[in-house]
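FYI, side chains are in, hydrogens and waters are out, and symmetry mates aren't considered; it's all heavy atoms of this structure.
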Amino acid sequence: MKKEGVIYRVAGPVVTAVGISPKMYDVVQVGTEKLMGEVIKIVGDHTIIQVYEDTSGVRPGEPVSNTGRPLVAELGPGLLSSVYDGIQRPLPVLKDTMGDFIFRGVSAPGLDREKKWEFNPIVKKGDNVSAGQVIGTVMEGTMEHRIMVPPKISGKVESIKGGSFNVEETIAVINGNDIAMMQKWPVRVPRPVKEKFQPDIPLVTGQRVLDTMFPLAKGGAAAIPGGFGTGKTVTQQQLAKWSDAEIVVYIGCGERGNEMTEVLTEFPHLEDPKSGNPLMNRTVLIANTSNMPVAAREASVYTGMTIAEYYRDMGYNVSLMADSTSRWAEAMREISSRLEEMPGEEGYPAYLAGRLSEFYERACRCKTLGNAEGSISVIGAVSPPGGDLSEPVTQNTLRIVRVFWALDTKLRERRHFPAINWLTSYSLYDKQLRAWYSSNVAEDFPALREWAMQILQKESELQEIVQLVGSDALPDEQKVTLEVSKMIREIFLQQNAYHPVDTFCPMQRQYTVMKLIRKFSDLAYKALAAGTPVTKIANVQAKQRLAMAKYEQNIDDEYKAVDTDLDKEFAGLGV
């Protein structure tokens, strides 16, 4: 295999080289500055490379060398609380060596080679181990990092030792193979699993509109599209903070610099509600802003997914946020146009749907090679231009994912947050999760959810009449329906992410709130049948108390008091 060649042509980040014979997706070093790139097309003796850095000043005739290896992620202790760019260069390390601006051609290992970790073996010499089996542990902050046998190795443990090691030192010899704490894995290749499970356990987020109305299963995939300012980033931060996943991987893919700065400055200050420690202690951040080289953006989602799969293989539940897949698709479009490929819809490459599928299909809940149970739940933000949900990235994403949380500009203007439209959003996991909700929350929880959705649907139909003739022209039963739907919207669906009590709502409490709204509805219709005017029903004091209860410190006691008040007040109305 020829290792050295020269540049033949340069078109932005796409460089054509001659004189090398690489394989697809091999990493190559381009030019005198040894810029890092990846082989994306081979035509005869011409090799087309996408370079992960700015190619200004690079010219034909400069050398190109082939490493013979694909783009790999370094996996081991030290990943958590790290901030990487799209190709796993640690940004704090680069900042320390060269300041705020990254020079071209520089590289730094993804894992610190100097730092020592305390390794505690859990198998002994002479044991037989299989691929993916945990052979020891390292404490990575407050998380237990499980050191596993690499996927293609198994056999007898010839030696193993505990103590303090860096990630490259040999800690064990298995069947003639030296095992270190660090593994390397090609980012475009999914890590193997033994068995994939049905998605029948929900990812509980503490957000009422998501958990009750449009639940996401562990190991599932969700899309959260919306225009500028509708709250994608705040919603994703809420999911990172409160979802019952042990590890969070946040990929800032092509977002504006100030938005990524906000994430980078806020995450270290967010407190993990489970442990009281900073949320960063169980988070990996990948920052690839919109002014960074476009090719690295394309690689960033694969790097993040590979890190997520590594922690899934340890038996952890991982929540992966990709913000935003639209910018990733734009990077593909730019590269595709420079390759002079036949464009598809709106200039996106014809393989857009295939690439999106490859990414989202790596989400799963599974039995790992080491017989543990782990999951990756993927939440992909989509930023459609002008909030147009009919554009190709949104439409192709919706064909793949089974949960759609539609952020609505009109709801944002009405200050309704989370601004998730309950009429256009959906979850296809609903039927598979019913058994879990019935046995873990309440027997009638699925029926209660369906009732709430029907009321909201009726309200939507009635609003058209109200806009034509006004609400006074409606029959009293329909006026009560509007009153109940307003309660569902304002008391249940609205949630304040910045309020210490309302920011998180456990499943049992979500059931209690919905049950109280249903109780009000039933009593209201009985009162109406007994001749009580709608104005009196709407002014029941317990209704106002229920609206304010979600902000009270003694919230559960308050709900019990509301339950009693409803009975008393409606008894006074003749029910």
Side-chain angles (χ1 to χ4, degrees), residues 72-96 108-120 134 136-148 164-168 180-185 187 191 236-237 239-252 260 263-288 300-323 368 372 374-379:
V72 296
E74 294 186 352
L75 308 168
L79 287 170
L80 293 184
S81 75
S82 297
V83 181
Y84 295 115
D85 73 353
I87 48 177
Q88 212 198 358
R89 295 183 300 185
L91 293 178
V93 172
L94 297 183
K95 183 179 184 295
D96 290 343
L111 296 176
D112 189 341
R113 299 293 194 266
E114 306 299 322
K115 187 170 181 178
K116 300 274 187 180
W117 300 90
E118 197 63 35
F119 173 70
N120 301 301
V134 177
T137 59
V138 167
M139 286 312 293
E140 190 177 4
T142 54
M143 297 296 297
E144 182 183 75
H145 190 108
R146 295 157 192 165
I147 305 299
M148 300 169 289
S164 191
F165 305 97
N166 67 31
V167 292
E168 289 185 305
M181 285 190 276
M182 178 175 71
Q183 294 184 19
K184 292 185 178 181
W185 190 264
V187 297
R191 286 174 66 90
Q236 287 203 319
Q237 285 186 13
L239 291 166
K241 188 174 180 181
W242 293 109
S243 61
D244 59 342
E246 292 90 9
I247 306 290
V248 176
V249 179
Y250 189 99
I251 307 168
M260 203 63 226
V263 172
L264 291 172
T265 51
E266 279 189 17
F267 261 63
H269 297 295
L270 288 176
E271 186 181 292
D272 181 0
K274 298 181 183 78
S275 65
N277 298 311
L279 187 64
M280 271 302 289
N281 286 8
R282 58 183 183 92
T283 302
V284 182
L285 283 176
I286 294 176
N288 186 269
S300 62
V301 294
Y302 296 111
T303 304
M305 182 57 84
T306 304
I307 292 170
E309 286 177 337
Y310 176 65
Y311 280 100
R312 174 207 66 195
D313 290 348
M314 293 182 203
Y316 287 122
N317 295 306
V318 184
S319 189
L320 183 141
M321 319 286 170
D323 188 11
T368 67
S375 71
I376 300 176
S377 309
V378 177
I379 297 112

Task: Pro90 versus Ala108, closest heavy-atom pair with distance - done: CD-O, 3.7 Å
- [ ] Please name the pair of heavy atoms, one in Leu79 and one in Gln88, separated by the smallest distance, quoted to 0.1 Å.
- [x] CD2-NE2, 3.5 Å
Open item on the list: So which atom in Leu80 and which in Glu140 form the shortest heavy-atom distance, rounded to 0.1 Å?
Closed with: N-OE2, 2.9 Å
TODO: Check whether the side chains of Asn317 and Ser375 place a donor and an acceptor atom closer than 3.5 Å, and report yes or no.
DONE: yes
Open item on the list: Once rounded to the nearest 0.5 Å, what's the spacing between atom CH2 of Trp242 and atom CG of Leu279?
Closed with: 10.0 Å
Open item on the list: Quick one, Thr303 and Tyr84 - any side-chain contact, counting heavy atoms below 4.5 Å?
Closed with: no
Open item on the list: Looking at Ser319 and Ala240, would you say the former's side chain and the latter's main chain have a donor-acceptor pair under 3.5 Å?
Closed with: no
Open item on the list: Treating Glu74 as the side-chain partner and Leu111 as the backbone partner, does any N or O pair qualify as donor plus acceptor under 3.5 Å?
Closed with: yes
Task: Student check: side-chain heavy atoms of Val167 and Asp112 closer than 4.5 Å - done: no
Task: Met181 CE to Gln183 CD distance, which is reported to the nearest 0.5 Å - done: 12.5 Å
Open item on the list: Could you report the tightest heavy-atom contact between Leu91 and Ala287, atom names first, then the distance?
Closed with: CD1-CB, 4.0 Å
TODO: Could you pull out the closest heavy-atom pair between Pro92 and Val83, with the gap in Å?
DONE: CD-O, 3.3 Å
- [ ] Using a 4.5 Å cut-off on heavy atoms from C-beta on, say whether the side chain of Met139 contacts that of Glu118.
- [x] no
Task: Min side-chain heavy-atom separation Tyr311-Glu246 under 4.5 Å - done: no
Task: Leu94 side, atom CG; Asp85 side, atom CG - distance, nearest 0.5 Å - done: 7.0 Å
Open item on the list: To the nearest 0.5 Å, what is the distance between OG on Ser164 and CZ on Phe119?
Closed with: 12.0 Å
Task: Lys115, NZ atom: more than 12 neighbouring heavy atoms under 6.0 Å - done: no
Task: Glu309 vs Leu75 side-chain heavy atoms within contact, under 4.5 Å - done: no
Open item on the list: Nearest 0.5 Å, please: how far is CZ in Arg312 from OG1 in Thr306?
Closed with: 10.0 Å
- [ ] May I ask you to check whether His145 and Tyr310 show a side-chain donor-acceptor distance below 3.5 Å?
- [x] yes
Open item on the list: Could you report the tightest heavy-atom contact between Met148 and Asp313, atom names first, then the distance?
Closed with: SD-O, 3.4 Å
Task: Side-chain donor/acceptor of Tyr250 to backbone N/O of Thr283, under 3.5 Å - done: no
Task: Side-chain donor/acceptor of Arg282 to backbone N/O of Met280, under 3.5 Å - done: no
Open item on the list: Could you check whether any side-chain heavy atom of Ile376 comes within less than 4.5 Å of a side-chain heavy atom of Met305, counting everything from C-beta outward?
Closed with: yes
TODO: Hey, could you give me the CD/CG distance between Glu144 and Asn120, rounded to the nearest 0.5 Å?
DONE: 9.0 Å
